[in-house]
Every structure is written in structure tokens, then in C-alpha cells.
Peer 1: 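I have a structure here, written as C-alpha cells, and I will follow up with some questions on it.
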There are 2 protein chains.
Amino acid sequence: MTEPHRALELMERLVRLVGQTGHAHGMKPAQWDALRYLARANRFSRTPGALTAYLAATKGTVSQTVIALERAGLVEKSQHPGDRRSVRLELTPAGRAMLKDDRIEAVRRALARLTPARAAALEDGLQALLSGLIAEGGGRPFGLCRACRHFGKDAHGPGRHLCRLLGEPLTHAESDQICVEQEAA
Amino acid sequence: MTEPHRALELMERLVRLVGQTGHAHGMKPAQWDALRYLARANRFSRTPGALTAYLAATKGTVSQTVIALERAGLVEKSQHPGDRRSVRLELTPAGRAMLKDDRIEAVRRALARLTPARAAALEDGLQALLSGLIAEGGGRPFGLCRACRHFGKDAHGPGRHLCRLLGEPLTHAESDQICVEQEAA
DNA sequence: CCTAATTAGTATCGTAACGATACCAATAAA
DNA sequence: TTTATTGGTATCGTTACGATACTAATTAGG
């Protein structure tokens, strides 16, 4: 049935409004999305491939977006140490500066104006909805490192954690970033 | 400050995933958005201008999207009775049929899988967030007709309502549609 | 009335997004 | 050592989009 489901209408409208915040400073929505992702992804996840999974796009499209960001001096590429096919992406200082003028801050401010209870309920609902969509569609959750089943808390001492999947040490700061390999604990 | 606000990350990701549902049947996301809007908007709101406000785009862009839908036989234009500048948009039977295959139904299904309490809290949070964004950005809410301050319930008898702003009668079905002129009661 | 000013919409341009397809090089599997 | 897979780029055609310029119909001001 096509029962209206007001929440769906609200989602659609919000998608539109949030999407249209991405036309500032001569940049495009997809470029902002990529920039924001790179600011929040851990070092294993700052690659064109992980970005492709995050954006749910095709790799050709993402490749072009990354090239545009590179030309604009907002992102730099380097080689992955162990795999010469793989590319590492890093924000440049200019890229980080650009994020300070991100118009999506308007959404963050609107979130901050909600009552704490409402905001918490919204976050909970969004998380549940996203999980449901990912379960149906086969995407990746891109959850926080510290909430991952491969996360070895304090494995190397207090505040010095471990990714058991990749066998790599993790700083405390890194454990708060998102990861392409994350699976809920 | 730039405290991460997990809800914002979830929103961004959801925006992406929901947006990418719009590539089915040779159509584009903006075309689905327009089609869905026309299915839910009341007769005063089925115009290129109202669609422009809803999509938060520019009228040039929307004009082209509408032309594409018209060429595809999904939408028909007619003249507004009283104002010869204005264009009325109507879904054709083919347009309504197309909506039955809307891939955003995946989102509706994911919503339906939430517990009722969670779904209600999500709807409440989304509504509050959207209101906040609109208050800051100056958009229109596009709320339901029956929740409008111009809504005259049963003004012409039981189930025969009135829009006091436009002086037009409203059927019961119409009072459940969204309106470009809506202002919360 | 008559002239602005406003409103509703279209046309055109240039850039980016996007899926699709084809391709290349490095790595992993057989 | 083939062969398959993986990570990424290149190119094409269509659409999205903002920007700008335009037309025609309506409304406001004098």
C-alpha cells in the first residue's frame, strides 16, 4: 500500500534541503560529501574505494570527484605503502579550511536546537533506519572504530588500541573515526 | 564547535543512500522527487513554481525537469483558469504507474520495520529538525492542509472544508495533501 | 488610464554528477 | 604460471544545477 508515512515525506524533504547546502564556495554537493568523509575516516578508509562505498556511487564517478578536489588543492594523493594499486587520500590544510565554511553547519545548528531527548531519539531512529537500509541493500555501515567487533581496546596499554582485523595499532583519536571495515560489535 | 554529532553523520549518509534510490527505470532522482511531489500536492500546489519551492532549486532547473517528465508522458501541463502565466501540472496515468515502481519504497519498508515507538520518535525529530531548518533558511514547510491556520474544517458541511486563504472549497481527501501555502495552525 | 514593478515560466550556457563501459596495473588464487 | 580479482582511471552521453537573460501576464502607483 502507499500509505503516506509522514516520516518518509519528511526524509525526502530533508534530503533535498540538506543536499542543496552543497553549493557554496564554487563546490558541488558530491565534493563536500567527499571532503567531510575524508575528515572523519580513519587511515585505512581514506581511499577512493572506501569513498566509493560510502557515497554508494560507482568508482568512475568518485574518481572524477577526487580528481576535481585534487585540482582544487583540497586533497592530495599518495601511494599506499604495501599495495601499489591503492591510493591514499589526505585533506590538505586548504581542504580542512574549506570544511570550516561548510554550509551543512546549518543542519548541525538545527540539531543543536533540539531538546536533548529529541536529539537522542532522532539519532536512535536514524541509526535504526540506516541499519535497516544497509541490511536490505548490502552496503557498509561505516560505524565508529571503537564500536567494531575487531576493536581491541587497550590492547597495547591504556589508550593504545588495536584493530584485530588489520593487525594495526590505533590511537585513541582514531578509535573515534569511521571505518570502511567496521562491523558492529 | 565542531563536535561530531553522530546524528549529522547519519543524516548525511541517509541523504546519500536515499538519493541513490532515484536511478531506476531510466529516470533521475530529481524526476522522482518531482513525480512524488505531484502525487501528494493539492491542486493549488501542482505548479512549476510550487515545485521549485519544494525542491529548493531554481526555476530554470525545475522547468527543465518538468519538460523531461512531459516528454516522457508522465506529466501533463494545462493552463490555470484565472492566471494565464501559471501552469497546472498533473500526473498522467503513466506517471502514477511509474510511482508504483519507486525504489524509495525500500526506505518505506525500512521505516515499517522500526518499532512504532521508534518510528514515532523519528518522525517527531525529523519534523522538529525540518522546522528548525526552514525557520533559519526561509523555506516553506509544505505541511498538510488540515494542519494549516487557513483550514476551515467542515465550513461547508461535514467533510466539506474550506481554504480561507484562497476562498476555495476542499474535499476531505484534499485536506490530507501538502500545500505550498501551508502555515502551521 | 498608463507606466513601472512584480510574478510565472522558458531558453541557453557551462560545469559537475552520474551510470556505463572499457581499460590498465598490481595482487591473489588456481 | 596462468587466471581471476581488485583498485583505479579514462571517456561518453545524459541529466542536474546555478546563473543569466529573456518573454508574457498580472498587479501597483500615480
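Only heavy atoms go into these numbers, but all of them, side chains included; no hydrogens, no water, no symmetry mates. Labels below follow one simple rule: chain letters A, B, ... track the order of the sequence lines, proteins then strands, and each chain is numbered from 1.
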Peer 1: In terms of the angle between their ring planes, are A:Tyr54 and A:Tyr37 parallel, tilted or perpendicular, with boundaries placed at 30° and 60°?
Peer 2: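 Tilted, since the angle between the ring planes falls between 30° and 60°.
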Peer 1: With a 4.0 angstrom cut-off to heavy atoms of chain B, pull out the first and last contacting nucleotide of DNA chain C, in 5'-to-3' order.
Peer 2: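 Both ends considered, the range comes out as C:dT7 to C:dG19.
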Peer 1: Between atom CG in A:Leu51 and atom P in D:dT9, what is the gap in whole Å?
Peer 2: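 These atoms are roughly 11 Å apart.
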Peer 1: Hey, is CZ on B:Arg43 packed in by over 12 heavy atoms from elsewhere, all under 6.0 Å?
Peer 2: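 Yes.
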Peer 1: Could you pick out which residue, B:Gln64 or A:Gln64, lies toward the 5' side of DNA chain D when each is mapped onto its nearest nucleotide?
Peer 2: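 By nearest-heavy-atom nucleotide position, the 5'-most residue is A:Gln64.
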Peer 1: Run the salt bridge (Lys or Arg N to Asp or Glu O under 4.0 Å) test on B:Glu183 and B:Arg149 for me, step by step, so that the C-alpha distance in whole Å, both residues' side-chain angles and the decisive distance to 0.1 Å come before the verdict.
Peer 2: CA-CA 6 Å; B:Glu183 297 173 54; B:Arg149 70 189 193 82; 3.1 Å; yes
Peer 1: So what does B:Thr47 touch, heavy atoms closer than 4.0 Å: a base, only the sugar-phosphate, or nothing?
Peer 2: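 Sugar-phosphate contact only.
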Peer 1: State the CZ-CD distance between A:Arg146 and A:Gln182, to the nearest 0.5 angstrom.
Peer 2: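 The CD atom of A:Gln182 is 10.0 Å from CZ of A:Arg146, to the nearest 0.5 Å.
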Peer 1: Can you confirm whether B:His172 is buried at NE2, in the sense that more than 12 heavy atoms of other residues, nucleotides or ligands lie under 6.0 Å from that atom?
Peer 2: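 For B:His172, atom NE2 is not crowded (no more than 12 foreign heavy atoms under 6.0 Å).
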Peer 1: Is there a path from B:Phe142 to A:Leu8 through hydrophobic residues (I, L, V, M, F, W, Y) whose side chains come within less than 4.5 Å of each other?
Peer 2: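 The answer is no; the residues belong to distinct hydrophobic clusters.
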Peer 1: Counting only heavy atoms and a strict 4.0 angstrom limit, can you tell me which residues of residues 16-39 of chain B come near DNA chain D?
Peer 2: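 Going residue by residue through residues 16-39 of chain B, the ones with a heavy atom under 4.0 Å of DNA chain D turn out to be B:Lys28, B:Ala30, B:Gln31.
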Peer 1: OG of B:Ser175 to CG of B:Leu170: how many Å apart, nearest 0.5 Å?
Peer 2: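 Interatomic distance, B:Ser175 OG to B:Leu170 CG, rounded to 0.5 Å: 7.5 Å.
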Peer 1: Can a side chain N or O of A:Lys77 be found less than 4.0 Å away from OP1 or OP2 on D:dT9?
Peer 2: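 Yes, such a contact exists.
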Peer 1: Where the side chain of B:Thr61 is concerned, which of D:dG18, D:dG8, D:dA10 is the nearest nucleotide?
Peer 2: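 For the B:Thr61 side chain, the nearest candidate turns out to be D:dG18.
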Peer 1: Could you measure the distance from the CZ atom of A:Arg88 to the CD atom of A:Glu76? Nearest 0.5 Å is fine.
Peer 2: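 Those atoms lie 14.5 Å apart.
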Peer 1: Once you round to the nearest 0.5 Å, how far does CD of A:Gln127 lie from CG of B:Leu14?
Peer 2: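 The distance works out to 10.0 Å.
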Peer 1: Give the rounded distance in Å between these two atoms: CZ of A:Arg84 and C1' of D:dT5.
Peer 2: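 My rounded result for the distance is 17 Å.
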Peer 1: Side-chain N or O of A:Ser63 less than 4.0 angstrom from OP1 or OP2 on D:dG8?
Peer 2: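 False: A:Ser63 side-chain N/O out of range (4.0 Å or more) of D:dG8 OP1/OP2.
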Peer 1: Calculate, to the nearest 0.5 Å, the distance between atoms CG and OG1 belonging to A:Asp33 and A:Thr65 respectively.
Peer 2: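 Those atoms lie 9.0 Å apart.
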Peer 1: Distance check, rounded to the nearest 0.5 Å: B:Glu123 atom CD versus A:Leu10 atom CG?
Peer 2: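 The CD atom of B:Glu123 sits 6.0 Å away from the CG atom of A:Leu10.
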Peer 1: Nearest-nucleotide wise, let me know which of A:Ala57 and B:Ser86 is further upstream toward the 5' end of DNA chain C.
Peer 2: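 The answer here is B:Ser86.
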Peer 1: Between D:dG18 atom P and B:Lys59 atom NZ, what is the distance in whole Å?
Peer 2: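 About 14 Å, once rounded to whole Å.
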Peer 1: Just how far, in rounded Å, is C1' of D:dT9 from CG of A:Leu69?
Peer 2: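 That distance rounds to 16 Å.
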Peer 1: So which protein nitrogen or oxygen atoms get under 3.5 Å of nucleotides 27-29 of chain D's nitrogens or oxygens?
Peer 2:
none

